[in-house]
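One structure is given below, encoded as structure tokens.
Side-chain atoms are counted along with the backbone in the values below, which use heavy atoms only and exclude waters and symmetry mates. Remember, predicted model here, so these are calculated numbers, not experimental data.
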Protein chains: 2
Amino acid sequence: MMERNTKQRDAIRHVFEKTARPLGPAEVLEAGRAEVSKLGIATVYRTINSLVESGWLVPVELPGEPPRYEIAGAAHHHHFRCRDCARVFEIHGCPGDLSDLTPAGFMLESHEVVLYGKCARCAAP
Amino acid sequence: MMERNTKQRDAIRHVFEKTARPLGPAEVLEAGRAEVSKLGIATVYRTINSLVESGWLVPVELPGEPPRYEIAGAAHHHHFRCRDCARVFEIHGCPGDLSDLTPAGFMLESHEVVLYGKCARCAAP
DNA sequence: ATAGATGCAAAGGGTTTGCACTTGA
DNA sequence: TCAAGTGCAAACCCTTTGCATCTAT
């Protein structure tokens, strides 16, 4: 599946390559129409899903929000969401071993951390 | 709104009182039918929403999943989601100060931590 | 008695799928 | 050529809403 190079697929990849932040399907559709004006939402979804399956994209899921996607390849990291502008930023570092928090008998496999607050721009006076 | 005591409302509160973990609307519906067999999903949604507004319930939102709800009043805590049975459990403890992860200029206000793995039941042989 | 609450079914919003047409290899 | 990929619209899933009926006060 998705083994051909189409202009739609190229356009969608270009959108991610040109944008430094995680994007949702609607944003991809809008930006992608600059290159392929008749681009359809179904193609965006199918292509994103296949790019995730192929490992080129990874989903960025924040609590209570529809998924965004970003180009894969970054090291293990988490995200900071600005409460004012709603933008999401990658943060480096990690709280480390969280097995202390794991209840007895439970098997810890991975974790997710999201920080909330104000980004540099919104915190500035 | 929701200012009367109905058997549906009571049943829904009972479900949360009897269950120690965060529940989604479908789980509440199923458990609630034990008390009110004709309970409808719309009533579950309406009642949950009003219990959240009144502060009796708080939403538990995990990345990429529809919201669950738990009784308000618990101290700051996080959640563990079982990858096998998809149930969510409250965990005690907290990684603590995460300001090390916060980029310069950013203002950290709060955080969310979710652990993933196998619950005691699903990890058992 | 009567406004509030319920249940059903229909409507919404976002994502997926069926199908005929288009297109890349 | 001709199967993979696309676009459109219908189907889906979860949640909300409209409305006639029921019920707590």
Side-chain angles (χ1 to χ4, degrees), chain A residues 1-16 21-70 81 86 88, chain B residues 1-16 21-70 81 85-88:
Chain A
M1 186 192 195
M2 308 308 271
E3 51 204 32
R4 288 181 187 177
N5 270 1
T6 66
K7 55 190 177 220
Q8 289 87 346
R9 187 178 172 83
D10 284 344
I12 290 167
R13 272 192 301 232
H14 294 340
V15 168
F16 282 104
R21 63 192 172 80
L23 299 172
E27 293 174 289
V28 173
L29 176 66
E30 194 189 337
R33 297 238 228 230
E35 209 169 314
V36 178
S37 60
K38 292 200 191 310
L39 183 61
I41 188 66
T43 296
V44 171
Y45 276 103
R46 279 188 286 233
T47 303
I48 286 178
N49 288 341
S50 107
L51 289 172
V52 169
E53 263 183 63
S54 77
W56 195 82
L57 284 178
V58 290
V60 175
E61 316 225 52
L62 301 198
E65 302 190 44
R68 298 167 171 82
Y69 301 87
E70 63 184 12
R81 181 177 183 281
V88 171
Chain B
M1 187 191 197
M2 308 308 272
E3 51 205 31
R4 288 181 186 177
N5 269 6
T6 66
K7 56 189 176 220
Q8 289 87 347
R9 187 179 173 82
D10 285 345
I12 290 168
R13 272 190 302 231
H14 293 342
V15 168
F16 282 103
R21 62 194 171 78
L23 299 173
E27 293 173 290
V28 173
L29 177 67
E30 193 188 337
R33 298 238 229 229
E35 210 169 311
V36 178
S37 60
K38 293 203 193 306
L39 183 60
I41 187 66
T43 297
V44 171
Y45 276 103
R46 280 187 286 233
T47 303
I48 286 177
N49 287 341
S50 105
L51 289 172
V52 169
E53 263 183 64
S54 77
W56 195 81
L57 285 179
V58 289
V60 174
E61 315 227 49
L62 301 200
E65 301 192 47
R68 295 169 172 80
Y69 301 87
E70 65 186 12
R81 180 178 182 280
C85 67
R87 291 186 305 168
V88 170

Min side-chain heavy-atom separation A:N5-A:R13 under 4.5 Å: yes
What one-letter contact string describes nucleotides 19-25 of chain D from 5' to 3', where B marks a base within less than 4.0 Å of any protein heavy atom, S marks contact via sugar-phosphate atoms alone, and - marks no contact? ----BBS
Please check this pair: side chain of B:T47 against backbone of B:T43, looking for a donor-acceptor N/O pair closer than 3.5 Å. yes
Provide, to the nearest angstrom, the distance between the CD atom belonging to A:E30 and the P atom belonging to C:dG14. 14 Å
With a 4.0 Å cut-off, would you call B:R21 and B:E27 a salt bridge? yes
Would you be so kind as to tabulate the donor-acceptor pairs closer than 3.5 Å made by side chains of residues 56-70 of chain A, with sequence neighbours excluded?
from, atom 1, to, atom 2, distance (Å)
A:E65, OE1, A:R68, NH1, 3.1
A:E65, OE1, A:R68, NH2, 3.1
A:E65, OE2, A:R81, NE, 2.5
A:E70, OE2, A:H77, NE2, 3.0

Rounded to the nearest Å, what distance is computed from the CD1 atom of residue B:I41 to the P atom of nucleotide C:dT6? 13 Å
Rounded interatomic separation in angstrom, taking CD1 from A:I48 and C1' from C:dT17: 17 Å
Starting the side chain at C-beta, find the nucleotide from D:dT6, D:dG7, C:dC8 nearest to A:L39. D:dG7
Assign each of A:A42 and B:P66 to its nearest nucleotide of DNA chain D by heavy atoms, then name whichever residue's nucleotide is nearer the 5' end. A:A42
Between P on D:dC14 and OH on B:Y69, what's the gap in Å once rounded to a whole number? 14 Å
How many Å lie between CG on B:L29 and C1' on D:dC14, as a whole number? 13 Å
For B:E35 and C:dT6, what is the distance between atoms CD and P respectively, to the nearest whole Å? 13 Å
Nearest-Å distance, CD1 (A:I12) to C1' (D:dT6)? 10 Å
Would you find more than 12 non-hydrogen atoms of other residues, nucleotides or ligands less than 6.0 Å from B:E35 atom CD? yes
Rounded to whole Å, please give me the gap between CD in B:E65 and C1' in D:dC13. 15 Å
Could you tell me whether A:K7 and A:D10 have a side-chain N and a carboxylate O separated by less than 4.0 Å? no
